[in-house]
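Following: one structure in structure tokens, then a few remarks.
Quick note on labels: first sequence line is chain A, next is B, and so on, each numbered from 1.
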Amino acid sequence: MSLDQATLLEDLTEPQREAVCHVDGAALVLAGPGSGKTRVITRRVAYLISLGVPAWQILAVTFTNKAAAEMRDRVDRLLPPDLPGRRGLTVATFHGFCARLLRDHATAAGVSPDYSIYDSADQRAAMKQALENAGLDSTNWPPQSMLAQISNAKNALQSPDDFRAESNDFHGRMIAKAYDAYQRILESNHAVDFDDLLRHSARLLRFDADVRGELQDRFRYVLIDEYQDTNHAQFVIANAIAAAHGNLFVVGDPDQSIYAWRGADIRNILDFEEHHPGARTIPLGRNFRSTGHIVRAASSVISNNRRRKAKELTTELEDGSPIKVVRLADEHQEARHVVDHLRALSEEGVPWRSMAILYRVNALSRVLEDHLRREGIPYAIARGTAFYDRKEIRDALAYLRMLANPADDVAFRRIVNTPTRGIGESTIKRVEAAAAASGRSLSDACGDESLLGEVATRSRKAVLGFARIVAEWRREIAGGDSTGLGDLVSRVLRESGLERPEAAFESEEERQRQANLGELVSAAGDFVPPSLDGSEGGTIPLAIALREYLESVALVSDADAIDSESGVVTLMTLHAAKGLEYHSVTIVGVEDGLLPHSRARESDAELEEERRLFFVGMTRAERDLLVASASIRTVRGMRQATITSQFLAEIPDEHCERHDFTDRWHDDDGGDDDDGYQIEYDDDSVDSLAGAYSPGTVVRHAQFGTGVVSSFMPRGKVHSVIVDFKVVGRKTLVLEYANLQRVGG
DNA sequence: TGGCCGTGACTTTTT
DNA sequence: GTCACGGCCA
């Protein structure tokens, strides 16, 4: 049976059709929000297959597992079940693809085939160890910030040596030192971090002609989604595979580039035509998602960015209702307002699952949650990693990880005495010393009695006993196949003592923990290893299945947890919302310092990225968009006055209704009695003073000299500010009496 | 050896 | 306000 090409093309616009029918050569599809991007990608894959290109020659790369799953599914539905050549399409995330590549070519890539993938918590532990080894004090050299700078280096494909060569100041040299020490720890633990997945793959493709040739031969057609968010390593990977045949088809939107902080290089998409002379560029500017007010307002906001490829965004849908821009007294009023709004929509028949609440920082979800819960509105927070962040789950996974990778001392150390089995800190120290002296891993050393001379007799028994069960588990892994994964996990949990059936009589928390472990067992039991690849009834060795399972767990993202079918309101960060759409979208906390974020106001480039983030949020809405801010917000337990985001002023008045509810302070039953919307902002008192003395403002005081405002608070009829003075330090002053002068702009 | 309690630091976004 | 770590006590 063949695939009817006319059906694939019939409901497409002209530019969409052009993109779908593009076959050979490089192409750049500039896909504005809501322009049918996913449709174009899936149709093109199906179109290629209809031309006789076998599916296994096509590689499609997305950003999240969820996007990959959706794409696979949609292509699948376009293809007749008995179509020859429909099997074997590769749809993967960059990280997933690279993890697989490194496993298949471990030796060539210079990694151990049993490598572990370290998540951010593991990275922090490794970095702390590295700083200690390098003789750096972690107060002066915060692990988090060291990791961030190392991450940047890795994304730019710099090795520790490259990095050192480029660092000529003291600070840079110290980071180079930490990078080197950190990398040694990863190596000795047979571990890679997220960035290494990309970096090692890029290096492999660049320097190993055999591997490169193999991939180039196999993947004749390469598609990359969200190309604006690729970093240098990803750029190298994509281009290396496509170099031989030049069939690189990328889709993206520079206006939705929101990952520069993670090394994404917007030039990859802006300079695509220079990298690929003769490339075809196809702009998709027509928006099919949102009503007129929303599209035009978003378009207007984003036009304030100077560094962009100007692109017209149009819609043929009706204007719809104007955007609601509301200001509330504080975050509780804000949450209450949002809840009322969503309830009203629900009463009009909009299902909960078509509503989303977006925010810049995760911390804002809490107040919203409280109010949603109190009001009985079903909701879910997009936090895919939440389950895997629980202590008991991390413990369980550490067991599995040290079983799969005996060199993983970080995992081993985590669980060697969890639950407690009489192997205390001093015992571990001694085993560690013995392991280091003999060049063995911790888990190895534990099983070797001859190395444990320094260990007290009683502890030695405990250590050897533990080593014995570990050896038994490893034996089961070596002899089993993929059908035994669930049983393996269940056995390890039981025999390790993590699972305690008697806990049913203990606290609610403990019962919850046990339930979580049970969930982990069933998840492992249901896991289908990707390399089984649809071959029904087949099996692969248990060791490989375990490795693939751990890999899939390590690569889950928050966005993966979003279930549009679940019938609940979704709460998530603006970042996680990329690529999604909802009938109704609420963006909260649109205040100066939050959006744009205070940590991202240093440069125009950062400000523009914040604006793109707001743009992404706005364009998630199909018909209803509510943008809220609070005039007072509690940050870190301190109530602070805020000023509205500059982005709000960029929404043209003809596309929005502005309401100020800040004087409804005492109306706390938040009832239906406030119909009398006030259209005008009364921009007096708190707002304008807060604006003049917002945190960061430089001021001069007659006695204390100059300083920087650190916070601003209304105090009844007066206002007080906390100022960090250069000479005398932190002072709290009453604005009305202090006679401060603002310095500079 | 293990658990508890107090103090200190810190919060952007995430594969 | 929250979390993580270190010190102290049982």
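Whole-Å rounding puts the A:L147 CG to B:dT15 P distance at 17 Å. Between the CZ atom of A:F235 and the P atom of B:dT15 there is a distance of 24 Å, given to the nearest Å. To the nearest angstrom, P of B:dT14 lies 12 Å from CG of A:L358. With rounding to whole Å, A:R611 atom CZ is found 18 Å from B:dT12 atom C1'. Taking atom CG on A:L607 and atom P on B:dT13, their separation rounds to 18 Å, with Å as the unit. At whole-Å resolution of the value, CZ in A:R124 and P in B:dT14 are 17 Å apart. In this structure, A:L574 atom CG and B:dT14 atom P are separated by 10 Å, rounded to whole Å. Protein atom NZ of A:K391 is 14 Å distant from nucleotide atom C1' of C:dA4, rounded to whole Å.
A pairwise comparison of heavy atoms in A:E591 and A:A630 identifies OE2-N, 2.7 Å as the closest pair.
Side-chain polar atoms of A:D408 and A:Y115 form no donor-acceptor pair below 3.5 angstrom. Counting only N and O atoms by type, the side chains of A:Q123 and A:K128 include no donor and acceptor under 3.5 Å apart.
Salt bridge absent: A:R262 and A:D229 never bring a charged side-chain N and a carboxylate O closer than 4.0 Å. A:K578 has a carboxylate O that lies under 4.0 Å from a charged side-chain N of A:E226, or vice versa, which qualifies the two as a salt bridge.
In this structure, the nucleotide among C:dA4, B:dT13, B:dT15 sitting nearest to the side chain of A:H575 is B:dT13. Set against C:dC5, B:dG2, B:dT14, the side chain of A:N417 has B:dG2 as its closest nucleotide. Checking B:dT1, B:dT13, C:dA4 against every side-chain atom of A:T427, the shortest atom distance belongs to B:dT1. Across B:dT13, B:dT12, B:dT15, the shortest atom-to-atom separation from the side chain of A:H95 is found for B:dT15.
Residue A:H597 and nucleotide B:dT12 are classified as a stacked aromatic pair, their ring centres being separated by less than 5.5 Å at an interplanar angle below 30°. The stacking criteria are not both satisfied for A:Y259 over the base of B:dT13, which would need a centre-to-centre distance under 5.5 angstrom and an angle between ring planes under 30 degrees.
Within 4.0 Å (heavy atoms only), A:K578 reaches no atom of the nucleic acid at all. Within the nucleic acid shown, A:R612 has no heavy atom closer than 4.0 Å to any nucleic acid atom. Residue contacts shown for A:T230 are absent, as no nucleic acid heavy atom lies under 4.0 Å away. Residue-level contact check: A:F94 touches neither bases nor backbone, having no heavy atom under 4.0 Å from any strand.
For the pair A:R421 and B:dG2, the criterion of a side-chain N or O lying under 4.0 Å from OP1 or OP2 is not met. An OP1 or OP2 oxygen of B:dT14 is reached within less than 4.0 angstrom by no side-chain nitrogen or oxygen of A:T64. Checking the phosphate oxygens (OP1, OP2) of C:dT2, a side-chain nitrogen or oxygen of A:R366 falls inside 4.0 Å. Distances shown here put every side-chain N or O of A:S598 at or beyond 4.0 Å from the OP1 or OP2 atom of B:dT12. At B:dT13, one or more side-chain N or O atoms of A:N362 fall inside 4.0 Å of OP1 or OP2 (strictly under the cut-off).
Below the 3.5 angstrom threshold, one finds a donor paired with an acceptor across the side chain of A:R360 and the base of B:dT13.
Separation of the P atoms belonging to B:dT13 and C:dA4 is 15 Å when rounded to the nearest angstrom.
Residues A:Q123 and A:V361 each lie close to DNA chain B; by heavy-atom proximity, the contact nearer the 5' end of the strand is made by A:V361. Where A:E610 and A:F194 each meet DNA chain B at their nearest nucleotide, the meeting point lying more 5' is that of A:E610.
Between A:D395 atom CG and A:S496 atom OG the span is 9.0 Å, to the nearest 0.5 Å.
Residues forming a salt bridge (Lys or Arg N to Asp or Glu O under 4.0 Å) with A:R430 (at least two apart in sequence, or on another chain): none.
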